[in-house]
Each structure stands twice: as structure tokens, then as C-alpha cells.
Amino acid sequence: MSTQEKWFRFGKNLSPKRQRGLTVASFMLPLILWSAISYVPFIWHPEVRISEVGDTIYFDVDDRIDIETFQLENQNMVEAGSVPMVGERVNPVYFPAPHEVTKALYSAFVTEPRRDGEPWFHESVAHSVRVVFWGFILSSIFGVPVGILCGVFNTFSKLTEPFVEFFRYFPAPVFGALAVAILGINDAPKVAIIFIGTFFQQVLVIANTTRTVDFSLVEAAQTLGAKPGRLLFKVVIPSVLPKLYMDMRILLGWAWTYLIVAEVVGTSTGISWFINQQAKYRMFENVYAAILVLGFIGLGTDMILGAIGRQLFAWEDGRRSAFSRLFRKTKPVAAEA
Amino acid sequence: MMDVPNKLNLPSYKEQAPDVKARLDELKQQPVVIEVEKLVKEFPTEEGVRRILDQVSFNVHKREFMSIIGPSGCGKSTVIRMMACLEDITDGVILVDGSPVSEPGADRGMVFQKYTLFPWLTVMKNVMFGLEISGKSKFDAEREALQWLDIVGLEPYADLYPAQLSGGMQQRVAIARALANKPKVLLMDEPFGALDAQTRAKMQAYLLQIWEKIDITIIFITHDLDEAVYLSDRVLVLEANPGRVRELVEIPVSHPRSPDQFLSPEFLTTKIHLEELIHPSAEESQDEFEVVKMAATGVG
Ligand SMILES: Nc1ncnc2c1ncn2[C@@H]1O[C@H](COP(=O)(O)OP(=O)(O)O)[C@@H](O)[C@H]1O
Ligand SMILES: [Mg+2]
């Protein structure tokens, strides 16, 4: 490159190399900040962890105390001629260092539950995934068709959307007690919370997306003899499918955000239960590990869905999908007039 | 403008050479495919009902190539969309082969100015769309689609997606897709309006070739007078506000058509006549009127 590429160009993409660099940086910057706060003492480290108690009667080994308290106590003891405490500056227990959390990411999975009958960490994770999965699937089974019908038929839209619009302002958690009363204390009320949290948004979002259909395609199909059923299934749905797919990815993210609410409804379960439990034991590295696992599952699912979508909807930029490339070979042709 | 014909000493556009006259007489003997009778279109607006089309009547004969021209906003698209039943008819009637139309159908194929190929289907599948609706087997549909792609010269591109084609190629596929249904009439609403001049000229030649090759009646909207004269047997001139038939002009240019005829006396005299009919000056004042109205109502 002869000229230096500019960093800020209105509405223009950077080179792929720079884009990749920035993606890496978006993860590296928080990590560097976290490491700096964790490993460079003078940045924060507001507490002291005692390694030798000396003559003090107030504290034990491994206690964490404010640096001011530590200095005051030692000053008193030195003046009184006693042996002062020894300790190192640390961050509060709720701010574990990267290596501790990394270790917990592994150890959380292999640490036996404290009490008999309590789930392992991976069982808690699986439980959470199950609740979100069923809530989202059930919501989609009803929400997607209703949304599409609302988007296509004004009658449907006017009949359902005003109420849905109203209902979606009830925060899903307010139905917790009701759901438990109706559905019992097992997973059903939890699935119901995810359902309520997702369904009403889903109807509106899918309806709006369906309405963005390029109507000239519908008209073209009509002049080719297509009747309403075919217009819906062969024109409207295929044409908005990439956008619907994108909506579903975003909605799945919302469903995840209702998980934490759903899991404290009735009996506490899943990752939330694990997080609360670990916070009680003050095992904060496990808390962070569990939060990170949630993030990994979310991001991982979305990336996989994104990759599948790029293949399914390759036609959007006139590409042939990897799936279809498996089945037939194309003659390479250059476009002319 | 008015004294140009005198200077050039052009004949009247009404003078027809014997072969042209014979051809047009024969055309007018052909059965009427489309009969538009006292067509009225009104749109509700804020200031009340606005009449866009007023008592528009005309006939289109079998195998005819008819163009519709007129100042922009005079209702050309509305007329053709009403024929396709994409707009409701306020009053009047449109007969196709003698029966009134009431809903869109494959007997009236349409090509739009906007590219309307289905982007998720390959070129081939696009052309097969109507064939499959008509109940043809996949095998027959594929075979016929390939024949039509061959006619528009795009057979090698059958497996590509629309996004991979140029605008002109997309419109050729759209023509093939509409023709594959064997419609009684092909409705074209400024189909080449979005193309560059060179591609446009090629497409006009293609369209004439196709029209000569197969048994099809074409109604063609354009705002390009050269295009109208070059392609048509007759040109329907509409006037604006409300849209009414100004004149149905018979084109005295002989067949087969070729670009050499653009400078022939009969071509020029017809074009000049059409230009006078459309009154570009009147259109401008109409535009000014709209601007004044918008300013007065505080819009825009
Ligand atoms: N759906 C509609 N509602 C109200 N007015 C319309 C509608 N469609 C078209 N019109 C008006 O009808 C007139 C004719 O439009 P159109 O047939 O598109 O003109 P043309 O194709 O000759 O340029 C225009 O003034 C336009 O504003
Ligand atoms: Mg128009």
C-alpha cells in the first residue's frame, strides 16, 4: 500500500486485515485492562491478605483487610512493641484475576458438588440450555406463524397486534408467581417465563419484518399466476427469510436474557443457582467462570447460526451456497451486457 | 420546433406507404385481444377523490405492438396495472378475449421497470416459476424454461442467481419468465427505463426479434419517443390531469424495423408529431404548479 489507510471513513469498510485486527482488539482490550488491574499492585489492590499474623489478636492468616486498617493495626503493634502482621496487597475477593477465572473454567466442571443430590456444574449448564431451548422453540412455533400472518394480512394484524403491543409491556418476571401457581414448581413455569418474554416481541418483530417484503416481487408473482397460498410460501417467506433468520438470532439472545429471571422462579436451578451458590461460598472465580460460560454459549450459538445463514442465503449476494456446491458443479461464466 | 417540419419538408405522419397501410389494415382486421372501455381510476387523497384516468377507451389487436406515451404522472402505469389487475378498477371495464378481468392472472404477463426476478431462485427456476404454477411437471417445466432462455439468449446463464446478472440480462430473463406462461398479452411498464442507452438499444432489438418470432401481443409503456416509434404499430398518447386519450397514432414506418430508420422522413415526422402531442411545455407548468402547491401547504 502506497498511501496510509485512513481509520475513519464515513460509511466505508476497513480492509479485512484491519477488521480482523479490531475484532481481536475488542476482546484483548478488556482482557488487558483486567490483567493490569489484577497484576499491577499500584493500580488498585485496596486490601491486604495476611500471610503472618504476628501478635495481632484480631485477624487470622488469609484474612483480607483494608489497607488502612492493616497499616493502623501494624502501627499500633509496632508502638506497643509487638510483632507486626505480614501480608501482600490484593484485590477484593469479588475481583479475581484472569488466571484464577481461567482455572475455574476448568475446575468448576470437575469439582464435585458440595452436597449430595446437588447438580454438577455441567448439569446446571445443561439445565439452563434446556429451559431456554424449550421456551424459545415453543414461542417460535406460535410466534413465527402469527407474526407472518400479521405481516401479510391486515385483518390479522389489526386483530392481534394492538393487544400484543399492550401485553409486551408487562415485564415477564411479574408472571413468575402466577406461572408457579398454575404450572407447579418444576421447569414448566421457567419455560413459560422465557415464552412470555419472547413471544410477544417475536410476533411484532416478525410481523414488521414480513411487511418489509418487496411488494413488486409479489406483484410479479401475481402476474405469473400465483394465488395467495403460493404467494405466501413461495414469494413472501423466501424473500424475507434472511431477515427473519436474523430476527430469530436476535430474539434468541433476548430469550437468554430472561433465563436468569426464569431460573429463580419456583426453585432456583441452572446456572443462576450455581452462581448464587458460589457467591455464597465466596468462590467468585467460579461466579465469573459461570458468567463466561453463558457468554460462550450465547456467542458460540450465534456464530454457528450466522455461518449457517451465510450459506443458506448465499443468493443474497449472488453466491452459490457451500451446500449446493456439494451437489452440482457450475460452469463459470462471465457476465456481459 | 413548429417550423422544423417545414424546413425539412417532411411528409405528414398520416401518409402511409402502401406496404405500411396494408400491414396496418390487416392488423385492424385481427381480433381484438384487449378492449378497454371507459376506464376510470380515482384515488382518495386528503383533498378528496382525485380522478387519475377519465373515460379511457382503446382496443389492442392480436399480434399488435402498442406503446403508450404521455407526460409523466398522466396514468400510464395505472392503466397497465389495471389491465394486470394490480389496481382496482373504479369504473369501466377491461375485456381480455371478450371477458372482463377481475384478478391477476398468467394470461396477462408483465415486465416491470424495477427488476423483479426472485433473487433466491436461479435464472432457470425463475423462468420455471409460472410453468410450475400452471401444473407442468418438473421435467416439462425445465425443458420449456431452457427453450425460453435460449430465445432470449441466456441459456448458458441458467444456473446463475439474479444478483450475478447485469440489468439488461435480468430484464431479458423477466421477459422469458413472462413469455413462458404463453400470455395473451405482454404488459411492459418502461422495462428498459433503468438501462443505459447502449443496453437499451440492444434490448429494443431483442424485443423486436422476439415479437417477430412468436405470436404475442405487446403493450409497452415508455417515455422515450424514439423507442415508441421504433417498436410500435400504434402509439396511444395520453394527456394528463385527468388522464384521457389524446390520440391513437398509427406509425407509418415499414417493417422489418431497423435502427437505420431513425432518420427516415416518416420516422422523424411521427416523432415530431408525438412530441407536439405530449406538450413538454405544459408538463413543466404542471410541475411548477405542484411545487407551488407544496410550498403553499407547507410540505417538503
Ligand atoms: N396508490 C396511489 N394513491 C394515490 N395516487 C396515486 C397512486 N398511484 C398513483 N397515483 C397518482 O396517479 C397519477 C398517475 O400515476 P402513474 O400511473 O404512475 O403515472 P405514469 O406512469 O404515467 O407516470 C400520479 O399523479 C400519481 O401520483
Ligand atoms: Mg409509470
Side-chain angles (χ1 to χ4, degrees), chain A residues 148 152 154 209-210 212-246 308-337, chain B residues 81 83-87 103-122 125-135 153-154 156-170 172 174 177-178 180-181 183 186-187 195-196 198-199 202-203 206:
Chain A
I148 289 175
V152 174
N154 198 242
T209 298
T210 307
T212 65
V213 66
D214 179 355
F215 204 72
S216 58
L217 296 184
V218 175
E219 290 184 337
Q222 283 180 307
T223 63
L224 294 168
K227 297 285 178 281
R230 192 178 288 263
L231 288 177
L232 180 59
F233 289 104
K234 296 279 174 167
V235 181
V236 174
I237 293 178
S239 128
V240 295
L241 207 53
K243 283 197 224 157
L244 290 185
Y245 189 83
M246 192 65 195
I308 294 174
R310 271 192 298 283
Q311 295 309 321
L312 284 178
F313 309 119
W315 53 262
E316 278 193 296
D317 28 290
R319 283 182 297 120
R320 188 160 280 288
S321 78
F323 305 141
S324 78
R325 249 180 272 135
L326 289 176
F327 296 113
R328 65 169 118 171
K329 40 189 197 312
T330 26
K331 314 159 228 176
V333 270
E336 53 139 276
Chain B
R81 287 170 58 80
M83 291 184 197
C85 291
L86 298 175
E87 297 278 355
E103 56 179 35
D107 58 335
R108 285 148 289 143
M110 187 143 171
V111 178
F112 303 79
Q113 173 173 4
K114 236 186 119 182
Y115 305 141
T116 57
L117 294 185
F118 306 122
W120 60 93
L121 297 179
T122 59
K125 291 266 167 60
N126 262 283
V127 180
M128 285 165 65
F129 189 88
L131 294 168
E132 286 183 333
I133 291 176
S134 70
L154 289 175
Y157 303 87
D159 276 337
L160 296 194
Y161 283 93
Q164 292 168 285
L165 303 185
S166 69
M169 290 162 89
Q170 292 198 39
R172 266 148 71 191
R177 182 176 70 172
N181 273 337
L186 181 62
L187 308 170
L195 304 177
D196 61 86
Q198 244 177 328
T199 313
K202 265 194 218 164
M203 294 292 291
Y206 265 120

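The figures here come from the full heavy-atom set of this structure, side chains too, leaving out hydrogens, waters and symmetry mates. Lettering follows sequence order; numbering is per chain, from 1.
Side-chain atoms of B:Q164 come within 3.5 Å of backbone N or O of B:Y161 as a donor-acceptor pair.
Heavy-atom distances place the backbone of B:L117, and not its side chain, under 4.5 Å from chain A. With a threshold of 4.5 angstrom between heavy atoms, A:A314 does not approach chain B through any atom at all. Neither the backbone nor the side chain of B:Q198 has a heavy atom closer than 4.5 Å to any heavy atom of chain A. For a residue to count as touching a neighbouring chain, one of its non-hydrogen atoms must lie under 4.5 Å from one of that chain's; by this rule A:K234 touches chain B with backbone and side chain alike. Both the backbone and the side chain of B:R177 come within less than 4.5 Å of a heavy atom of chain A.
Note that OG1 of A:T223 and CG of B:L186 are 9.5 Å apart. Values are rounded to the nearest 0.5 Å.
B:W120 has its side chain out of reach of A:P242: every pair of non-hydrogen atoms, C-beta onward, lies at least 4.5 Å apart.
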Going through the distances and angles, do B:R81 and A:E219 end up as a side chain to side chain contact (heavy atoms under 4.5 Å, CB included)?
CA-CA 10 Å; B:R81 287 170 58 80; A:E219 290 184 337; 2.7 Å; yes
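Relative ring orientation between B:F129 and B:F118 is described as tilted, the plane-to-plane angle lying within the 30° to 60° band.
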